[in-house]
Amino acid sequence: MRIGKEEDDDIFDFIMKRKYFRFVYPAYKKYKTELLYLFFGGLTFVLVIVVYAMLEMAGVHVLSANAASWFVGVTFSFFTTRKWVFHAQAGSIKKLLGQMAAFYLARTLTLILQESLLFLFVSLLAYHSLLVKIFTETVNIVLNYLVSKFMIFKERI
């Protein structure tokens with residue numbers, strides 16, 4: 001069931017068309033992909049930082065906590081980004097698994113970068129791990145958006 005009048009409207013279009021948001025609707029429509037990526041990227045960011053901090057407080061090593069929080073974040077991000085940001089259609093299980101594999105592979109590259117930076121700045125230089133994690137997550141959001149938009153879900157744009 002669709003909410004709204006236009007064929008491609010989703011829940012976010014429905015919300016943005018309400019009278020309280022109508023004044024920003026043209027900008028929202030123009031930058032919808034980027035705004036929704038920021039929204040879901042923000043949710044992923046919070047989720048990853050919370051999982052990381054909880055694991056670190058529980059005594060899990062910095063790099064292991066990072067890898068576990070990465071997995072949680074990538075899984076959440078794959079489904080939200082695929083559905084709400086890029087509106088990607090799979091058509092078949094094979095295509096869905098292909099998208100998922102490409103998504104995880106691309107994210108693995110940023111995991112390697114993140115693990116390297118955490119090792120350097122936390123393990124070797126003794127910086128505060130949560131601050132380094134926040135910095136590396138911010139870099140990841142930008143890199144992951146570019147990879148998702150131009151490589152993984154490019155068929156939709």
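- Aromatic ring orientation, F12 versus W84: perpendicular (interplanar angle above 60°, classes split at 30° and 60°).
- Taking hydrophobic clusters as Ile, Leu, Val, Met, Phe, Trp and Tyr residues chained together by side-chain heavy-atom distances below 4.5 Å, L36 shares a cluster with F14.
- By the ring pair (Phe, Tyr, Trp, His ring centres under 6.0 Å) test, Y52 pairs with no residue at all, sequence neighbours left out.
- Residues passing the side-chain contact (heavy atoms from CB on, under 4.5 Å) test with L109: none are found, sequence neighbours excluded.
- S69 pairs by the side-chain hydrogen bond (donor to acceptor under 3.5 Å, both in side chains) definition with K133, not counting sequence neighbours.
- Partners of V46 according to the side-chain contact (heavy atoms from CB on, under 4.5 Å) rule, which considers only residues two or more places apart in sequence or in another chain, are V50.
- By the side-chain contact (heavy atoms from CB on, under 4.5 Å) test, S116 pairs with I112, sequence neighbours left out.
- The side-chain hydrogen bond (donor to acceptor under 3.5 Å, both in side chains) search around T75 returns Y104, not counting sequence neighbours.
- Residues L63 and I134 share a single hydrophobic cluster, defined by chaining ILVMFWY side chains whose heavy atoms lie under 4.5 Å apart.
- For residues 54-64, no pair satisfies salt bridge (Lys or Arg N to Asp or Glu O under 4.0 Å), with sequence neighbours left out.
- With sequence neighbours left out, the ring pair (Phe, Tyr, Trp, His ring centres under 6.0 Å) criterion links Y28 to Y25.
- Taking 4.5 Å as the limit, every side-chain heavy atom of T80 sits out of range of all side-chain heavy atoms of V85.
- Remark: E115 pairs with no residue by the salt bridge (charged side-chain N to carboxylate O under 4.0 Å, His left out) rule, at least two apart or across chains.
- Counting only residues at least two apart or on different chains, the ring-ring contact (aromatic ring centres under 6.0 Å, His included) pairs with a member in residues 112-144 are F121-Y127.
- A search for side-chain contact (heavy atoms from CB on, under 4.5 Å) contacts involving L96 returns F78, R82, A90, I93, Q99, not counting sequence neighbours.
- When all heavy atoms of L55 and A68 are compared, the closest pair comes out as CD1-CB, 3.6 Å.
- Residues satisfying the side-chain hydrogen bond (donor to acceptor under 3.5 Å, both in side chains) criterion with T136, sequence neighbours excluded, are Q114.
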